Amino acid sequence: MTESQSPLRLRKKHGSGAPLDSTAADGKRLVDMQSVRNAIVSALITVVVFSVFWVSLSELTNRVYPWLTVILGFMVGHSIRLAGRGVDARFPLLAAGFTLFGSLFANIVVAASVTADGNSTSTLRVLTSVTTMTWPVFFEEALTIADGFYAIFAASVAAFYANRRLTRSQYHALRLWREDQQRD
């Protein structure tokens, strides 16, 4: 474009059109930075912290909020993004799986907390007293369709936020590396 642009023309907000200076080696470095182990550890920590938060909030307000699992989905996805630094499909799948697991785990802990409060005992005592006859009652009375809906929605939120956000040059380098891998 020349300096004498039409005043009615919008400014360019994207790149200058110059070729990107990224290589396949840069893409390999991005792939090597991924860590499934770190993603799993961060997801487990997030699920435990969220469960404690949800139990505390439920005891404080005397209400159970099933939609909080959507926040769990965001937290798990974001923690996997930061810790795992993933650029492939494993990380959204991990995030969705851990969110579904975390949703079920948190619902169990909240139900145990409500039961413990009603029986004047501790939540840990209720959790250690669970038998095989307890599970059908839990799934019939405590777990609802709304919990399932929120868990699935939270899993999709987690999957959306799990992958690392790349710049244009990083994406280009990753694409070059993948093309090199396909040729070999």
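Side-chain atoms are counted along with the backbone in the values below, which use heavy atoms only and exclude waters and symmetry mates. The shown structure was predicted, so the numbers you read here are calculated from the model rather than taken from an experiment.
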With a cut-off of under 6.0 Å to the ring centre and 45° to the axis, is Arg178 in cation-pi contact with Tyr171?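 The answer is no; the distance or angle limit is not met.
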Same cluster or not: are [X] and [Y] linked, directly or through other Ile, Leu, Val, Met, Phe, Trp or Tyr residues, by side-chain heavy atoms under 4.5 angstrom apart?
X	Y	result
Leu124	Val55	no
Ile40	Val87	no
Trp54	Val126	no

Shortest non-hydrogen contact between [X] and [Y], atoms and distance:
X	Y	value
Ala158	Ala96	CB-N, 4.4 Å
Ala142	Asp147	O-OD2, 3.5 Å
Thr69	Ala151	OG1-N, 4.0 Å
Asn163	Pro92	OD1-CD, 3.4 Å
Ala95	Ala162	CB-CB, 3.6 Å
Thr99	Gly73	CG2-CA, 3.7 Å

Using a 4.5 Å cut-off on heavy atoms from C-beta on, say whether the side chain of Leu30 contacts that of Gln170.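 Side-chain contact under 4.5 Å: yes.
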For the residue pair Phe50 and Phe53, does the interplanar ring angle fall in the parallel (under 30°), tilted (30 to 60°) or perpendicular (over 60°) class?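 Correct class here is tilted.
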Between Asp32 and Arg29, is the closest basic N to carboxylate O distance under 4.0 Å?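 Here Arg29 does not pair with Asp32 in a salt bridge, since their nearest N and O are not under 4.0 Å apart.
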With a 3.5 Å distance limit and no angle check, can you tell me whether Asn107 reaches the backbone of Ser103 through a side-chain donor-acceptor pair?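 A pair under 3.5 Å: yes.
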Step through the shown structure and confirm whether more than 12 heavy atoms of other residues, nucleotides or ligands are within 6.0 Å of CZ on Phe153.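 Atom CZ in Phe153 is not crowded, with 12 or fewer foreign heavy atoms closer than 6.0 Å.
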